[in-house]
Amino acid sequence: MSAPAQVAWDSLPTAEWTLQQVDAAGSSGIPDSRELVGRPPMPANLEDEKSLDEHHKRRADWQMALQGHLKSLEARQMIEFQSHDEITYALTAEGYGIAHSGSQEARLFAALPPGGDEAKTLDELKKELGADVLKIGQGKAFAKRWARKHPEKQGALARMPGVEEIVDDTAEDLREIRRSGTLQDGQRVNDLKKRKLVVQKKLLWFSITKGPQFSLKIEKLATDLSAEMLQSGEWKTRPFKKYNFDAEGVMPVTGALHPLLKVREEFRNIFFEMGFTEMPTNRFVDSSFWCFDSLFVPQQHAARDMQDTFFIKSPAAAKHIPEDYLSRVTAAHEDGGPYGSTGYGYKFSRDVTEKLVLRTHTTAVSAAMLYELANRPGGFKPAKMFSIDRVFRNEAVDATHLAEFHQVEGVVADYNITLGDLIGFMQIFFAKMGVTNLRFKPAYNPYTEPSLEIFSYHSGLGKWVEIGNSGMFRPEMLRPMGLPEGVNVLGWGLSLERPTMIRYGINNIRDLVGHKISITDVERAPAVRFP
Ligand code: FB9
């Protein structure tokens, strides 16, 4: 059978044409698809790397186009094909330079006076050959024992005694590769590659034979079995497209958890692992009583004014505050009551305490839950409780602060709880977030004494980051609730937004929360796994 007709390199193959070539080649098929296409013209300037690249790319693109058809024809069992690699090498610009004017080591050898005694100083050689050629040439000439440091003359080089002439094998190899694109000795090619004098070029080519369903006509494959086919019986003869059970399914368009909620899940798992129960936080609007007064926050405290707190216009006042508990809180504020405290010494206002607000912290929920803990049937039982939900602060918004954020809070109520327990709990908690090496700085909260700000060194940011706040709840808060003597309560809190921004590398909170965030980022946001 005749050699298949070659097409010009710039006319891409079609499936029909490919079948005709296979048919023309007969039973043995097409041994080498490179024979099917003419070579693109060699670039005029063989030393111009770019046009050589282009030459190679044209040959490779033609075979790639053919591969596309071969794959779909093979899927129809019309042909079978094997892929093969053609590995060739091309000279880099520096490689061309050496092929043209010799290797650095050969030029150094040539520059050195004949015989082994005469020497030339490095400065002379540098002027003559240039620093780069001398540096590379010296290394290679020494390695090839063509030259050496002159034994007597300091800083001078001489030919190796007895080496009268050398063969510039590097240049010769490069000239061979320039001519044929290959070199027998693979090791020498690797040396040339290491010297960045040649680059490898890979081209895929194919050998093609007829398949069981070979034909010159490409029938449109049926992709569905239709009622008509069943009635007409056409299903018996019509070729069907094979099911590709390995095909990737279409990614179902599913909802995606917002990164904040992914981190919230991580925190919830940490708390559950530590035996905490979740507090109900479904009450954004709370009375100033639970948000502030039950926490022994004085009614004049700055945190309570319009600057920091959103007050509800209507209804403006809470209806239900436990009277007996309110009177005890009042006493605690006014004169410390019977709780061993001086109190704040001001007249407690019922109006102020009834004012409804958007909670500024979930510690308001902790207060309500601790009160419930103290007054539940069967009396107080130790408890570990946590909350993660929105809190609202009428603060200046900036790149890391919005008028609302999610507070993460943990409280532990038990007999003889100490500051040590607080520090212990935080070390375990943050360690589960992968945050270790904590530092604690004394701080102030109206409802905890002592209070500690928590810091951790963030190697990524290269600085100590404030990662939360904490403290031992004051007796002026706990005793009025009715918690038994000896029961102490520790608490700590942080935000959900900060760790989420750090985990996802987000610097501006508006890229995390709000109408400006990109939905696709949310969909693509990887799951978070605290280490
Ligand atoms: O989250 C905060 N920082 C943080 C937390 C984790 C984190 O993770 C990295 C992977 C390591 C990085 C940073 N902060 C608390 C510290 C600061 O960001 C602070 O400037 C802002 N704070 C918020 C309040 O802003 C007015 C974060 C929020 C905060 C502050 C205090 C509490 C809760 C949230 C509390 C409390 C508390 C105290 C005692 C008893 C019970 C609760």
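Position 1 is the first residue of the sequence; numbering continues from there. What you see is a predicted model; the values in this text were computed from it and never measured.
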Answer yes or no: is there a side-chain heavy-atom contact under 4.5 Å between [X] and [Y]?
X	Y	result
Phe81	Glu74	yes
Phe473	Glu449	no
Asp389	Phe284	yes
Leu494	Ile467	no
Leu370	Val489	yes
Thr309	Leu358	no
Gln407	Thr363	yes
Met433	Pro499	yes

Using the ring of each side chain (for Trp, its six-membered ring), is [X] parallel, tilted or perpendicular to [Y], with breaks at 30° and 60°?
X	Y	value
Phe271	Phe429	tilted
Tyr325	Phe289	perpendicular
Phe296	Tyr344	parallel

Just by modelled atom types, is the [Y] backbone N or O under 3.5 Å from a matching donor or acceptor in the [X] side chain?
X	Y	answer
Ser459	Gly462	no
Thr362	Val365	no
Ser314	Ala316	no
His258	Val522	no
His69	Pro13	yes

Over all atoms of both residues, closest heavy-atom pair of [X] and [Y]:
X	Y	value
Leu326	Phe348	CD1-CE2, 3.8 Å
Val352	Ser288	O-CB, 3.3 Å
Ala413	Phe380	O-CZ, 3.7 Å
Leu512	Ile506	CD1-CD1, 3.8 Å
Ala15	Leu73	O-CD1, 4.1 Å
Arg76	Leu221	NH1-CG, 3.2 Å

Can you tell whether the side chains of [X] and [Y] come within less than 4.0 Å, N to carboxylate O?
X	Y	answer
Arg195	Asp191	no
Arg268	Glu278	yes
Arg59	Glu54	no
Lys196	Glu94	no
Glu485	Arg479	yes
Glu334	Lys347	yes

* Residues Gln299, Tyr346; criterion side-chain contact (heavy atoms from CB on, under 4.5 Å); working and verdict -> CA-CA 9 Å; Gln299 294 190 328; Tyr346 72 87; 3.1 Å; yes
* When the ring centroid of Phe392 is compared with that of Phe405, is the distance short of 6.0 Å? -> no
* Quick one: are the ring centres of Phe455 and Trp464 less than 6.0 Å apart? -> no
* **Stepwise side-chain contact (heavy atoms from CB on, under 4.5 Å) check, Val513 with Leu402** => CA-CA 9 Å; Val513 180; Leu402 287 172; 3.8 Å; yes
From [atom1] ([X]) to [atom2] ([Y]), nearest 0.5 Å:
X	Y	atom1	atom2	value
Ser72	Met78	OG	CE	9.0 Å
Arg359	Arg390	CZ	CZ	10.0 Å
Met501	Ile509	CE	CD1	5.0 Å
Phe272	Ile270	CZ	CD1	12.0 Å
Ser366	Leu295	OG	CG	8.0 Å
Met477	Tyr371	CE	OH	13.5 Å

* **Of all pairs that satisfy side-chain hydrogen bond (donor to acceptor under 3.5 Å, both in side chains), the ones with a partner from residues 486-497, not counting sequence neighbours** => His406-Glu497
Pair up each side-chain donor or acceptor in residues 437-446 with any protein partner under 3.5 Å, not counting sequence neighbours, and list the distances.
unit_1 : atom_1 : unit_2 : atom_2 : d
Lys441 : NZ     : Glu453 : OE1    : 3.2
Asn445 : ND2    : Thr448 : OG1    : 3.1
Asn445 : ND2    : Asn469 : OD1    : 2.8

* Asked: Passes side-chain contact (heavy atoms from CB on, under 4.5 Å), Leu66 versus Ser33? Steps please.
  -> CA-CA 9 Å; Leu66 177 64; Ser33 63; 3.6 Å; yes
* Asked: Counting heavy atoms not belonging to Lys194, are there more than 12 under 6.0 Å from its NZ?
  -> yes
* For Glu354 and Ser287, test the side chains for any donor-to-acceptor distance below 3.5 angstrom and give the result as yes or no. => no
* How about Ser327 and Asp324: does a side-chain donor come under 3.5 Å of a side-chain acceptor? -> no
* Evaluate the criterion salt bridge (Lys or Arg N to Asp or Glu O under 4.0 Å) for residue pair Glu404 and Arg393; output intermediate values, then yes/no. => CA-CA 6 Å; Glu404 64 179 79; Arg393 302 211 177 165; over 6 Å; no
* To do: Can you sort out the partners of Arg283 under side-chain contact (heavy atoms from CB on, under 4.5 Å), two or more places apart, ordered by chain and number?
  => Asp286, Trp290, Ala368
Which residue pairs satisfy the salt bridge (Lys or Arg N to Asp or Glu O under 4.0 Å) criterion with at least one member in [range], sequence neighbours excluded?
range	result
residues 378-388	none
residues 456-475	Arg474-Glu476
residues 288-313	Asp293-Arg304

* **Trace of the side-chain contact (heavy atoms from CB on, under 4.5 Å) decision for Gln200 with Lys193** => CA-CA 8 Å; Gln200 175 172 300; Lys193 273 204 288 191; 3.3 Å; yes
